[in-house]
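First comes the structure, then the notes that go with it.
We use all heavy atoms of the structure for the numbers below, so side chains are in, but hydrogens, waters and symmetry mates are not. First listed ligand is number 1; within each ligand, the first listed atom is number 1.
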Amino acid sequence: MIAGYPLKAHNTFSFDVRAQFACRIEREEQLLAAVRDPRVAGLPRLVLGGGSNVVLTGDFAGLVLLVALRGRRIVREDADAWYVEAAGGEPWHEFVAWTLEQGLPGLENLALIPGTVGAAPIQNIGAYGLEMCERFASLRAIELASGEALELDADACRFGYRDSFFKREGRERFVITSVTFRLPKAWQPRAGYADLARELAARGCAANAGQTDDATGAAAPAAPTAQAIFDAVVAVRRAKLPDPLELGNAGSFFKNPVIDAAQFDALKHREPELVSYPQADGRVKLAAGWLIDRCGWKGRALGAAAVHDRQALVLVNRGGASGAQVLALARAIQQDVREKFGVELEAEPVCL
Ligand code: EPU
């Protein structure tokens with residue numbers, strides 16, 4: 001356990017703050033030893049993986065657990081699927097790349113997402129037409145208060161859009177030590193997301209499988225392989241999203257808001273270009289990036305905290321910004337979007 005531990009390298013915004021105590025967890029046994037240390041009795045706790053979904057607004061007066069549990073393996077297969085397991089501290093992107101090297105497709109749409117495997121279920125990471133929960137089998141977690149190890153299935157995790165049990169009742173109560181994924185053998189490319197389909201087309205792949213054009217008889221371009229989707233997702237992300245090592249950020253700063261059909265109809269009438277995705281329950285999800293962009297925020301800054309110039313949903317630290325400055329910028333954006341569109345934007349990262 002280290003006192004006064006610098007967290008700059010442990011949060012992707014690169015905020016220069018410290019933890020009162022921090023402990024690097026490489027083996028499960030270290031977890032309980034750390035939380036039962038008398039020096040941290042009664043103090044708040046923070047579990048950090050890659051620190052890619054957190055806004056640290058100041059020093060943390062408590063214990064930070066730096067999850068560095070490693071390991072990954074193919075657990076088993078049945079007639080329909082392969083099951084692969086990775087430890088909570090495995091870097092997510094390296095794990096996805098490894099599954100493809102093993103010849104196991106299914107996670108390719110989630111390439112290049114920063115952070116760790118253990119953090120993935122907490123906000124149910126998603127991108128380019130796939131959410132993690134669609135490939136999730138179970139996870140193993142240690143409850144810090146009791147030291148008990150639990151196995152949770154998808155129902156118990158209560159996944160939603162960028163949401164799970166671990167963001168609500170389970171918040172800061174558990175450490176996810178490993179996650180098992182189910183990768184169906186009947187793999188189908190998931191290539192319909194607009195940006196991804198465009199990138200694949202530019203690479204000579206079709207979003208829909210190699211059918212023949214009825215009118216001309218010409219063969220359509222080949223369906224993409226999982227590797228082609230992986231490569232295309234990496235290219236799209238690199239083009240739009242800043243690399244946290246170069247420009248501090250936590251990915252999307254806001255969730256895409258979901259509104260009811262009546263509010264959507266009224267808004268769409270006023271703003272015909274509005275980007276939207278109908279939901280199964282009749283409600284409509286809006287592209288928050290579009291709303292923020294439309295308010296004129298793209299590329300604008302408040303001090304060193306700025307709105308990324310290629311994706312308005314991403315707030316960045318141009319160098320030396322504090323968490324408080326980023327939150328001030330976020331509040332100004334929320335207020336503007338509320339006044340212009342009557343829509344509430346909810347922050348996506350955990351703000352401390
Ligand atoms: N748009 C604009 N201006 C902008 C940004 C977006 O007009 O500045 C428009 C785009 O043209 C597009 C639409 O808004 O029509 C959606 O944009 P995009 O495809 O970039 O995706 P997003 O909805 O802004 C979500 C996720 C991302 C994920 C992408 C791709 C959330 C909160 N964000 O962003 O996830 O990579 O879709 O699937 O759901 C993250 O969670 O950190 C993250 C990066």
Practice prompt. Say whether His308 and ligand 1 are in contact under the criterion: heavy-atom distance to a ligand atom below 4.0 Å.
Written response: no

Fill in: Any Arg237 heavy atom less than 4.0 Å from ligand 1
yes

Worksheet item: Taking non-hydrogen atoms only, is Arg294 closer than 4.0 angstrom to ligand 1 via side chain, backbone, both or neither?
Response: neither

Item to complete: Would you kindly specify which portion of Arg310 sits under 4.0 Å from ligand 1, judged on non-hydrogen atoms: side chain, backbone, both or neither?
Response: neither

Nearest protein heavy-atom contact for [atom]: which residue, which atom, what distance?
{"atom": "atom 8 (O) of ligand 1", "answer": "Ala312 N, 2.8 Å"}
{"atom": "atom 3 (N) of ligand 1", "answer": "Asp293 OD2, 2.7 Å"}
{"atom": "atom 29 (C) of ligand 1", "answer": "Tyr193 OH, 4.0 Å"}
{"atom": "atom 26 (C) of ligand 1", "answer": "Arg162 NH2, 3.4 Å"}
{"atom": "atom 28 (C) of ligand 1", "answer": "Ala127 CB, 4.0 Å"}
{"atom": "atom 14 (O) of ligand 1", "answer": "Ala287 CB, 3.4 Å"}
{"atom": "atom 7 (O) of ligand 1", "answer": "Trp290 CD1, 3.3 Å"}

By number and element, which atoms of ligand 1 are closer than 4.0 Å to a non-hydrogen atom of [X]?
{"X": "Lys298", "value": "3 (N), 4 (C), 8 (O)"}
{"X": "Glu348", "value": "32 (C), 40 (C), 41 (O), 42 (O)"}
{"X": "Asn256", "value": "23 (O), 31 (C), 32 (C), 39 (O)"}
{"X": "Tyr161", "value": "31 (C), 32 (C), 39 (O)"}
{"X": "Val275", "value": "13 (C), 15 (O)"}

Is it true that [X] and [Y] make a salt bridge, defined as a side-chain N closer than 4.0 Å to a carboxylate O?
{"X": "Asp195", "Y": "Arg198", "answer": "yes"}
{"X": "Arg158", "Y": "Asp163", "answer": "no"}
{"X": "Lys185", "Y": "Glu77", "answer": "yes"}
{"X": "Arg24", "Y": "Glu26", "answer": "yes"}

Practice prompt. Establish, for the pair Lys8 and Phe15, whether the NZ or CZ atom is under 6.0 angstrom from the six-membered ring centre and no further than 45 degrees off its axis.
Written response: no

Discussion item. With a 4.5 Å cut-off on side-chain heavy-atom distances among I, L, V, M, F, W and Y, is there a chain of contacts connecting Ile74 to Phe95?
Written reply: yes

From the candidates [options], the one that places a heavy atom nearest [atom]:
{"atom": "atom 30 (C) of ligand 1", "options": "Phe253, Tyr277, Tyr128, Phe254", "value": "Tyr128"}
{"atom": "atom 10 (C) of ligand 1", "options": "Lys240, Gln123, Gln311", "value": "Lys240"}
{"atom": "atom 44 (C) of ligand 1", "options": "Gly251, Gly115, Pro114, Ser252", "value": "Ser252"}

Table please: side-chain donor-acceptor pairs of residues 42-68 below 3.5 Å, with sequence neighbours left out.
{"unit_1": "Thr57", "atom_1": "OG1", "unit_2": "Leu352", "atom_2": "O", "d": "2.3"}
{"unit_1": "Asp59", "atom_1": "OD1", "unit_2": "Arg18", "atom_2": "N", "d": "2.8"}

Worksheet item: Are any non-hydrogen protein atoms located under 4.0 Å from atom 33 (N) of ligand 1?
Response: yes

Fill in: Ser146 side chain to Glu143 side chain, donor-acceptor N/O pair below 3.5 angstrom
yes

Discussion item. Are the side chains of Phe181 and Glu85 in contact, using a 4.5 Å heavy-atom criterion?
Written reply: no

Item to complete: Flag the pair Phe341 / Leu286 as yes when at least one side-chain heavy-atom distance between them is below 4.5 Å, and no otherwise.
Response: no

Worksheet item: Should the pair Tyr277 and Tyr193 be assigned to parallel (<30°), tilted (30 to 60°) or perpendicular (>60°) ring geometry?
Response: parallel

Worksheet entry | Distance flag, aromatic centroids of Phe230 and His93, threshold under 6.0 Å | yes

